[in-house]
Asks: 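Before I ask anything, let me first share the structure, which is written out below as structure tokens.
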Amino acid sequence: MISLTEVTLKYPGMPPVLDRVSARFESGQRIGILALPGSGKSSLAKLLSGAIEPSGGEVSRQGKVSWPLGFAGVFHPELTGFANLELLAQMTGEDLDAMLEWSIGFGGLESALSKNLKMFSPQERAMLGYCCSLSVPCDWYIADETLTVGGKAWLEQCESALSARLEGCGLVFISKNAHHLKKHCQRIIALVDGHLVECPNVDVAEQVLAQWPKQGNS
């Protein structure tokens, strides 16, 4: 379970990403959050995963929550791929061997791990973050905009691996793509003007996003 109690998330000079929001995500749910570009999707993903703290209120988590799938922001560009994995394992207390197994066996990154991260292609960097995410068994997986990496050639393999990890686990998928949310999620929420608005389906969530600015200006 993940619960938000009167949570505010804001940055100086910017509208709040969340404005005194309370919500509860039950274990095992597949939750899709539809959000417009620039509305704070990545910040919300980091908040739910515990990478950042709220400006106010409380976020409570029961069970282990993943960092956002494919997130590579923790990696240091001057370190090799292998050194980054070592450092990440030390920081999080996770299993280095599991990270290596996924990075090599699933991601095909064996030859890349000896390079400094700044020499990685964007696809290699994303794949390294994705493999690290999937290497850690969690009760909740958080996805910011994408559930797969590596292009069309990797789509089926990534979806299969993620589906296996999601057996009995929860998913919060934050995206601007209504089609993707409709495919993967059962509970739908719209992120609008700092609020999480529960919707019966993706079509209604799209209508809410389209109409909210008009309501706000009335």
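Computed from a predicted structure; not experimentally measured. In this chain, numbering begins with 1 at the start of the sequence shown.
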Asks: Please tell me whether M1 and L196 are part of a single hydrophobic cluster in this structure, the criterion being side-chain heavy atoms less than 4.5 Å apart.
Replies: no

Asks: If you measure from CG on L134 to CG on L69, what distance do you get to the nearest 0.5 Å?
Replies: 6.0 Å

Asks: If two hydrophobic side chains count as joined below 4.5 Å and joins carry through other members, does V192 share a cluster with L4?
Replies: no

Asks: Please say yes or no: joined through hydrophobic side-chain contacts below 4.5 Å, possibly via intermediate residues, are I142 and I189 part of one cluster?
Replies: yes

Asks: Cut-off 3.5 Å, side chains only: do T5 and E58 have a donor facing an acceptor?
Replies: no

Asks: Using only atom types and a distance under 3.5 Å, with no angle test, would you say the side chain of T148 pairs donor to acceptor with the backbone of C158?
Replies: no

Asks: Inspect the contact between E26 and R187 and indicate whether a charged nitrogen and a carboxylate oxygen are less than 4.0 angstrom apart.
Replies: no

Asks: Of all the heavy-atom pairs spanning C131 and W102, show the shortest one and how long it is.
Replies: SG-O, 3.4 Å

Asks: Please state whether the rings of W140 and F25 are parallel, tilted or perpendicular, taking 30° and 60° as the class boundaries.
Replies: tilted

Asks: Determine whether the side chains of N116 and T80 contain a donor N or O and an acceptor N or O closer than 3.5 Å.
Replies: no

Asks: Kindly compute the distance separating NZ (K183) from CG (N177), expressed to the nearest 0.5 Å.
Replies: 10.5 Å

Asks: Run the side chain to side chain contact (heavy atoms under 4.5 Å, CB included) check on K176 and L36 step by step: do they pass?
Replies: CA-CA 5 Å; K176 63 180 181 293; L36 296 174; over 6 Å; no

Asks: Over all heavy atoms of both residues, which pair between A190 and C199 is shortest? Give the atoms and the distance, please.
Replies: CB-SG, 4.1 Å

Asks: Do any N or O atoms from the side chain of Q211 and from the backbone of V208 form a donor-acceptor pair under 3.5 angstrom?
Replies: no

Asks: So K64 and E94, salt bridge (Lys or Arg N to Asp or Glu O under 4.0 Å) or not? Walk me through it.
Replies: CA-CA 12 Å; K64 180 178 286 188; E94 301 297 345; 2.9 Å; yes

Asks: May I ask you to test the L109-L128 pair for a side-chain heavy-atom distance under 4.5 Å?
Replies: yes

Asks: In terms of heavy-atom contacts, does NZ of K115 have more than 12 from other residues, nucleotides or ligands at under 6.0 Å?
Replies: yes

Asks: Decide side chain to side chain contact (heavy atoms under 4.5 Å, CB included) for W67 and S133; before the verdict, give the C-alpha distance in whole Å, the side-chain angles of both, and the deciding distance to 0.1 Å.
Replies: CA-CA 7 Å; W67 54 79; S133 299; 3.1 Å; yes

Asks: If you look at every heavy atom in Y130 and L162, which pair is closest and at what distance?
Replies: OH-CB, 4.0 Å

Asks: With rounding to the nearest 0.5 angstrom, report the CG to NE2 distance, L147 to H180.
Replies: 8.5 Å

Asks: List the atom of E110, the atom of I104, and the distance in Å for their closest heavy-atom pair.
Replies: CB-CG2, 3.8 Å

Asks: Any carboxylate oxygen within less than 4.0 angstrom of a Lys/Arg side-chain nitrogen, looking at R165 and E167?
Replies: no

Asks: Assess, by modelled atom type and distance only, whether the side chains of S55 and Y11 contain a donor and an acceptor separated by less than 3.5 Å.
Replies: no

Asks: For A143 and L171, which heavy atoms make the closest approach, and how far apart are they?
Replies: CB-CD1, 4.5 Å

Asks: Are any non-hydrogen side-chain atoms of L9 and D19 less than 4.5 angstrom apart?
Replies: no

Asks: Which pair of non-hydrogen atoms, one from V65 and one from S49, has the smallest distance, and what is that distance?
Replies: CG1-CA, 3.8 Å

Asks: Hey, which of L191, V204, L34 is the one that makes side chain to side chain contact (heavy atoms under 4.5 Å, CB included) with L209?
Replies: L34

Asks: What I want to find out is whether K182 reaches E206 closely enough, with some N-O distance under 4.0 Å, to be called a salt bridge.
Replies: no

Asks: Nearest 0.5 Å, what's the OG-CE distance between S43 and M14?
Replies: 8.5 Å

Asks: Start with the C-alpha distance between L47 and V59, add both sets of side-chain angles, then the distance that settles side chain to side chain contact (heavy atoms under 4.5 Å, CB included), and finish with yes or no.
Replies: CA-CA 8 Å; L47 175 76; V59 180; 4.2 Å; yes

Asks: For L85 and C132: C-alpha separation, side-chain torsions, deciding distance, then whether side chain to side chain contact (heavy atoms under 4.5 Å, CB included) applies.
Replies: CA-CA 8 Å; L85 293 184; C132 287; 3.2 Å; yes

Asks: Side chains of E124 and S121, heavy atoms from C-beta outward: is any pair under 4.5 Å?
Replies: yes

Asks: Any non-hydrogen side-chain atom of H184 less than 4.5 Å from a side-chain atom of E159?
Replies: yes

Asks: Check for a donor-acceptor pair, side chain of H195 on one end and backbone N or O of V197 on the other, with a separation under 3.5 Å.
Replies: no

Asks: Is there a path from M119 to L87 through hydrophobic residues (I, L, V, M, F, W, Y) whose side chains come within less than 4.5 Å of each other?
Replies: no

Asks: Indicate whether any N or O donor in one side chain lies under 3.5 Å from an N or O acceptor in the other, for Q186 and R30.
Replies: no

Asks: In the structure I gave you, are the side-chain heavy atoms of S114 and F82 within less than 4.5 Å of one another anywhere?
Replies: no

Asks: Quick check for you: to the nearest 0.5 Å, what is the distance between F106 atom CZ and M127 atom CE?
Replies: 5.5 Å

Asks: Between S103 and M99, is there a donor-acceptor pair closer than 3.5 Å when you use the side chain of the first and the backbone of the second?
Replies: yes

Asks: Is E6 reaching over with its side chain to a backbone N or O of S22, donor-acceptor style, under 3.5 angstrom?
Replies: no

Asks: Between the side chain of N84 and the main-chain N/O of F75, is any donor-acceptor distance below 3.5 Å?
Replies: no

Asks: Any chance you could measure L44, atom CG, to I174, atom CD1, to the nearest 0.5 Å?
Replies: 4.0 Å

Asks: Identify whether L166 and V172 are in the same connected component of the hydrophobic contact network (ILVMFWY, side-chain heavy atoms under 4.5 Å).
Replies: no

